[in-house]
Amino acid sequence: MRGKNSNEEHRTTRKHQAPAFSVHDEIKRNRRIERNRRIRQAREARRKLFATLLVSALFVITLAAILLALMRVKNVTVSGNTRYSADVIISAAELDGDILPLASDDAVYKKIVLVCPYVNSIELKKSYPSSVEIVVTEAEAVYCADIHGKHYSLDANLRVIEFTDSTNGLIFLTLPDVVTVIEGSKIKFSEDRYNELVPAVLDSLLNDEHTLPFTSINVSDRFSISGIVGGNVKINFGDYNDMPLKLNAASQLLQKSEAEHSKRTLINVSSLSGAGPSMVLDYEGEF
């Protein structure tokens, strides 16, 4: 009897000592499993990202090696040049051996213009894998002016081209007082405001839809701008305000004077209000 009771007590003790799993324990276990799964996924994603970056880096290095080996400039030609020889421009460009895809118009132009100041712009025409053509646009004489007793030709930006006695086809400018005239550089006026004003006035006179065939332009006085057309028509514009409207009015009056066969004509468009633009046909006064 005593043995039987001992066995029952032993089973009861073992029963009390056996682990008991609650719902809370099950939830904790599931969370731990899920956390471990996310950690493994994150590690796998990092390994994949590292592998992708490594492959990309190897690709870039390989591509760079190909560029260095196959796409370096070997042949350079020049077109559009008249003032400078091709050899001078090629030497200034320093393109030989450069990586062709990385050669830029702006960088090459900055090198060329230091040696060839009359080059206004360049364009690189690339022929892969190793040839490039430098298309040059050189400064073109547009104006001439008498400065300090000498005749100079000037480009559209009032940069001095050269001392010249040949003024055929150039627009003669009468300018405000000039203090600096250096070949290859823009002229500078004694009054600083004219350094911006004069180019702006000339641009408005010559780049409007009603542009007239001027043979000379007087911009020496900002309040009394005038121009000569063909040697027998003078146009007074007054100040530089409303220049497009003044050009339009002057163009219409010029057409009327030609229809009237006027030998010399004085056109005044300095005022667009009041009496407005006026014209004197067969004008006998001085221009």
Side-chain angles (χ1 to χ4, degrees), residues 78-94 106 108-123 134-208 211-237 240 243 286-287:
V78 179
S79 63
N81 56 307
T82 56
R83 179 180 292 270
Y84 303 103
S85 70
D87 290 340
V88 169
I89 293 173
I90 290 172
S91 177
E94 298 179 343
D106 185 58
V108 174
Y109 172 73
K110 288 179 179 178
K111 293 179 183 179
I112 292 176
V113 78
L114 290 176
V115 180
C116 310
Y118 295 111
V119 172
N120 277 347
S121 65
I122 64 104
E123 178 188 0
I134 305 174
V135 181
V136 174
T137 301
E138 295 182 351
E140 179 183 359
V142 176
Y143 307 112
C144 65
D146 189 341
I147 305 173
H148 303 160
K150 295 182 179 180
H151 278 81
Y152 292 91
S153 59
L154 312 171
D155 71 2
N157 296 315
L158 297 185
R159 182 170 52 177
V160 180
I161 301 292
E162 59 188 354
F163 168 74
T164 180
D165 289 324
S166 176
T167 60
N168 292 335
L170 302 180
I171 300 172
F172 185 83
L173 297 181
T174 302
L175 300 168
D177 185 47
V178 176
V179 292
T180 304
V181 51
I182 300 174
E183 187 173 328
S185 301
K186 291 182 179 181
I187 58 175
K188 292 187 181 299
F189 300 100
S190 58
E191 291 188 51
D192 190 59
R193 60 186 172 188
Y194 282 117
N195 290 319
E196 293 186 2
L197 177 62
V198 170
V201 170
L202 293 175
D203 184 69
S204 65
L205 284 172
L206 300 175
N207 292 286
D208 187 86
T211 295
L212 301 172
F214 293 105
T215 52
S216 68
I217 298 175
N218 187 333
V219 287
S220 60
D221 184 343
R222 62 194 177 101
F223 297 110
S224 184
I225 300 165
S226 63
I228 303 293
V229 176
N232 63 340
V233 177
K234 181 177 181 179
I235 303 171
N236 291 324
F237 293 99
Y240 54 88
M243 194 59 75
E286 295 183 358
F287 281 170

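- Of the possible donor and acceptor atoms, one in the side chain of Thr215 sits under 3.5 Å from a partner among the backbone N and O of Ile228.
- In this structure, Tyr143 and Leu206 approach most closely via the heavy-atom pair OH-CD1, 3.0 Å.
- For residues 219-235, the side-chain hydrogen bond (donor to acceptor under 3.5 Å, both in side chains) pairs, not counting sequence neighbours, are Asn218-Ser220.
- The main-chain N or O of Lys111 is never found under 3.5 Å from a side-chain atom of Glu94 such that the two would form a donor-acceptor pair.
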Trace of the side-chain contact (heavy atoms from CB on, under 4.5 Å) decision for Leu173 with Leu158: CA-CA 10 Å; Leu173 297 181; Leu158 297 185; 3.9 Å; yes

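- For residues 173-184, the pairs satisfying side-chain hydrogen bond (donor to acceptor under 3.5 Å, both in side chains) are Tyr118-Glu183, Asp177-Ser190, with sequence neighbours left out.
- Side chains of Ile122 and Ile89 form no contact here, defined as non-hydrogen atoms less than 4.5 Å apart.
- The salt bridge (charged side-chain N to carboxylate O under 4.0 Å, His left out) search around Glu191 returns Arg193, not counting sequence neighbours.
- Scored by the salt bridge (charged side-chain N to carboxylate O under 4.0 Å, His left out) test, Lys186 finds no partners at all (sequence neighbours excluded).
- Going from atom SG of Cys144 over to atom CD1 of Ile161 covers 12.5 Å, rounded to the nearest 0.5 Å.
- Of the inter-residue distances, the one linking Ile187 atom CD1 with Asn157 atom CG reads 11.0 Å to the nearest 0.5 angstrom.
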side-chain contact (heavy atoms from CB on, under 4.5 Å) between Tyr240 and Ile225, worked out: CA-CA 7 Å; Tyr240 54 88; Ile225 300 165; 3.8 Å; yes

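- The structure places CG of Leu114 at 9.5 Å from OH of Tyr109, a figure rounded to the nearest 0.5 Å.
- Among residues two or more places apart in sequence or in another chain, the side-chain hydrogen bond (donor to acceptor under 3.5 Å, both in side chains) test is passed with Lys110 by Asp106.
- Side-chain contact between Val88 and Cys116 is present, with at least one heavy-atom pair separated by less than 4.5 Å.
- Taken from OH in Tyr152 to CG in Leu175, the straight-line distance is 13.0 Å, to the nearest 0.5 Å.
- Shown are Val142, Val160, Leu202; of these, the side-chain contact (heavy atoms from CB on, under 4.5 Å) with Leu154 is made only by Val160.
- Considering only heavy atoms from C-beta on, His151 stays 4.5 Å or farther from Leu170 through its side chain.
- For residues 141-164, the salt bridge (charged side-chain N to carboxylate O under 4.0 Å, His left out) pairs, not counting sequence neighbours, are Asp155-Arg159.
- Residues Asn81 and Glu138 share a closest heavy-atom pair of CA-OE2, 3.4 Å.
- No option in Leu205, Ile217, Val219, Val201 other than Leu205 meets the side-chain contact (heavy atoms from CB on, under 4.5 Å) test with Phe237.
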